[in-house]
Enquirer: 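A single structure is presented below for examination.
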Protein chains: 2
Amino acid sequence: MNLKELSELLNLSQTTVSRALNGYPEVRDETRRRVIEAAERHNYMPNTRAKGLATGRSMSIGHVIPLSKKHEILNPIFGDFITGASEAYVAAGYDLVLSLVPDDDQAAHYRSLGAKNNVDGLILHGPMVNDSRIPLLQDLDLPFLVHGRASGWPEDYAYFDMNNRRAFERATRHLIELGHRRIAFVNGREEMDFAHRRRLGYEAALAASAIEPDPWLMVSGDMTESLGAESVARMLDAPDPPTAVLASSIVIALGVERAARARGLTVGRDLSIITHDDELSYLPNGRDEPLFTATRSSVREAGRRCAEMLLGRVANPGGPPPQELVEADLILGRSTGPAPKKDSA
Amino acid sequence: MNLKELSELLNLSQTTVSRALNGYPEVRDETRRRVIEAAERHNYMPNTRAKGLATGRSMSIGHVIPLSKKHEILNPIFGDFITGASEAYVAAGYDLVLSLVPDDDQAAHYRSLGAKNNVDGLILHGPMVNDSRIPLLQDLDLPFLVHGRASGWPEDYAYFDMNNRRAFERATRHLIELGHRRIAFVNGREEMDFAHRRRLGYEAALAASAIEPDPWLMVSGDMTESLGAESVARMLDAPDPPTAVLASSIVIALGVERAARARGLTVGRDLSIITHDDELSYLPNGRDEPLFTATRSSVREAGRRCAEMLLGRVANPGGPPPQELVEADLILGRSTGPAPKKDSA
DNA sequence: TGGCCGCGTCAAAGCGCTTTGGAAAGTTTT
DNA sequence: AAAACTTTCCAAAGCGCTTTGACGCGGCCA
């Protein structure tokens, strides 16, 4: 069933049927009712592509996720982020088109998205420090919004970010206030902007308390459970082990916990753990008393905000790019406690 | 830059330019070269919507993910599944459009996907027992493929599934052969078809060894870490606790491990754990000697196969629906061992 | 020399929609 | 009663592409 058939069926012109369905005023109420009723009865819905061609808008937003050939790890936050974004898209009648692109042909992919004109805007995931995609997109005249930021470029693009630096600075300071001096940090890959900023926060807090950062206590890599387990196991077996660990994700923290338990250490007493909690739906950190003390910020909520902001920009391209920086909560859980007294001191 | 402009630039008709770019034979080699070179230089790519309108194909595949209003949990396997599927789509020049749909208006959504004609085919995620979406899609004349199956309907639709029943039967049998009799099962929601089948496999193995299934040892719910931790904690504190646990996902298994350790039990000695391992990229189960004994089947690979099969069906709609059932490997890790001798026996 | 064939190209139709620019009624104003 | 609007509808153009059917032009064969 298409517009032509429907209009012939109703003995009306395509114009009138189209206007009736799209809510234009110049249609008699009774006519509109007839049209709508017939459309429903015959399950008519306008062909997306034809409509898009006619209006010049595709009613869809692209999400481009870089997939490193070397790493091949899809950040698990992505699912929840998309869930949040979808809420906004559904509400606005937009579709979400997803591309996972190997990071070597990112540029070509963005250019083609622009040229082929099949999205009205796009969301950039996983920005890196000095990410070359930013200037590329700025040239492309396709509205875009970055989830995160890219240190190294002037911040004259649209973004939504969590204050990673501040969050990790606070978390570290909290550990210091509990008396910890040997604080390990298991971070994501530090080419990624969020990890870079977290590192800065960690170092700033140490510096503020005149604690010398120890390279042996700092690890960065793909945020897997085993990264947490293996790296911290190594540290615990070395002389002068950490009394606290800062983890960049709950998945890492679970690994750290495993390493601790394997050595008979009690988390929260012998070893403190603070993690960042993205509030992933399948890794709840406890309702009443959280398992992990954590900096918390819902990535799902971030998805929703990103989508809303981008949609706003698409609808209304003028003006300065929207920017939002949210703070993470620092929530207290059972995984932290005062630094243990040194045995030999 | 569009076709018209490009053709004027080249002093050729739109026809010739189009044919040159699409590889039709009736274009002189030198002309084709000229066209291709000009297209590249001006970064011309055909407008997706116009092309789609003209050809009647949208070059995109829909993935519809049901999102239960009550549960709001996005299965974490989804990210890796999509990663695999994307590989196939990218290779074939297809886009992936994603919808997360609240499960109450699934029907409307599918119907609209069909009517609006904006995907050439779709993949159905998370089939339930007796899933009403199957007959609905069969009426819709839109090629589709189910990731999983829907018990209760005749299997006359295209699907790709892992043999959940067999995998969990083997896993359970393995535990029985190790001497376990009290075997707990922490499963996903059993309205879901995969969980339903896993339950059948578990029960079949028990029955084959004449072990009476104990409802106290069987739990089903959203597959979160805390489901594993809390339900098994409860079982361990009850009289006649389990000596082994079968978990439906690694996330659950991590929770089970936490519960065990919290009680001072050593996993693999005091409590055996077998889990299903989807090979999620950020939860690697160890390379050399896996952490968990597990039934293993790559969900990423499943994504790739699903996409390939569906693309085949889209290109070639005739014939019987493609169906594939793969077996999971049973891999031995450190989380299982012989049943401990009973203290009081 | 004329007719035929294949090659390379083109004009135009069509995909299904929106939107512009009327136009035929009916209503109000002068 | 004529003029000026309103209201309600329509025909047709246009979005950017593919594809059909036709055509001009050498070359080949008879």
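In what follows, chains are A, B, ... by sequence order, proteins preceding strands, each numbered from 1.
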Enquirer: Using whole Å, report how far CG of Asn118(A) lies from P of dC17(D).
Expert: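 Taking atom P of dC17(D) as the reference, CG of Asn118(A) is at 13 Å.
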Enquirer: For Asn22(B) and dC17(D), give me the distance from atom CG to atom C1', rounded to whole Å.
Expert: 10 Å
Enquirer: Hey, could you give me the OG/OH distance between Ser60(B) and Tyr89(B), rounded to the nearest 0.5 Å?
Expert: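 Going from the OG atom of Ser60(B) to the OH atom of Tyr89(B) covers 10.0 Å.
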Enquirer: Can you confirm whether the side chains of Ser151(A) and Asp193(A) place a donor and an acceptor under 3.5 Å from each other?
Expert: yes
Enquirer: Nearest 0.5 angstrom please: Lys116(A) NZ to Ser58(A) OG, how far?
Expert: 12.0 Å
Enquirer: Under a 4.0 Å N-O cut-off, is there an ion pair linking Glu37(A) with Arg34(A)?
Expert: no
Enquirer: Using whole Å, report how far CG of Leu10(B) lies from C1' of dT9(C).
Expert: 14 Å
Enquirer: To the nearest Å, how far apart are Tyr24(B) OH and dT9(C) C1'?
Expert: 16 Å
Enquirer: Do Phe81(B) and His125(B) have ring centroids that are under 6.0 Å from one another?
Expert: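 Yes; Phe81(B) has its ring centre under 6.0 Å from that of His125(B).
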Enquirer: Would Arg19(A) and Glu26(A) satisfy salt bridge (charged side-chain N to carboxylate O under 4.0 Å, His left out), going step by step from the backbone distance to the final call?
Expert: CA-CA 8 Å; Arg19(A) 312 210 100 140; Glu26(A) 57 270 74; 3.8 Å; yes
Enquirer: Name the nucleic acid region contacted by Asn117(B), choosing base, sugar-phosphate or nothing; use a 4.0 angstrom heavy-atom cut-off, strictly under.
Expert: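 Counting heavy atoms under 4.0 Å across all strands, no contact is made by Asn117(B).
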Enquirer: Give the rounded distance in Å between these two atoms: CD of Glu8(B) and P of dT9(C).
Expert: 18 Å
Enquirer: In B/S/- notation, 5' to 3', how is nucleotides 6-13 of chain D contacted by protein heavy atoms closer than 4.0 Å?
Expert: --BBBBB-
Enquirer: Kindly calculate the angle separating the two end axes of the helix from dT1(C)-dA30(D) to dT30(C)-dA1(D), each obtained from five base pairs, and round it to 10 degrees.
Expert: 60°
Enquirer: Closest heavy-atom contact between Val299(A) and Leu280(A)?
Expert: CG1-CD2, 3.9 Å
Enquirer: State which residue, out of Met309(B), Gln323(B), Glu308(B), fulfils the side-chain contact (heavy atoms from CB on, under 4.5 Å) condition with Phe160(B).
Expert: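 Of Met309(B), Gln323(B), Glu308(B), side-chain contact (heavy atoms from CB on, under 4.5 Å) with Phe160(B) is met by Met309(B) alone.
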Enquirer: Tell me: CZ of Arg49(A) to C1' of dG14(C), nearest whole Å?
Expert: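 So the two atoms are 14 Å apart, to the nearest Å.
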Enquirer: Quick one: closest heavy-atom pair of Val119(B) and Gly62(B), and the distance?
Expert: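 Looking at all heavy atoms of both residues, the shortest contact is CG1-N, 3.6 Å.
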Enquirer: Rounded to the nearest Å, what distance is computed from the NZ atom of residue Lys4(B) to the P atom of nucleotide dA11(C)?
Expert: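 Interatomic distance, NZ of Lys4(B) to P of dA11(C): 12 Å.
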Enquirer: Which of the following nucleotides, dC17(D), dG16(C), dC17(C), is nearest to the side chain of Tyr44(A)?
Expert: dC17(C)
Enquirer: Can a side chain N or O of Thr55(A) be found less than 4.0 Å away from OP1 or OP2 on dT18(C)?
Expert: no
Enquirer: Roughly, in whole Å, what's the span from CG in Leu6(B) to P in dC10(C)?
Expert: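 Nearest whole value for this atom pair: 13 Å.
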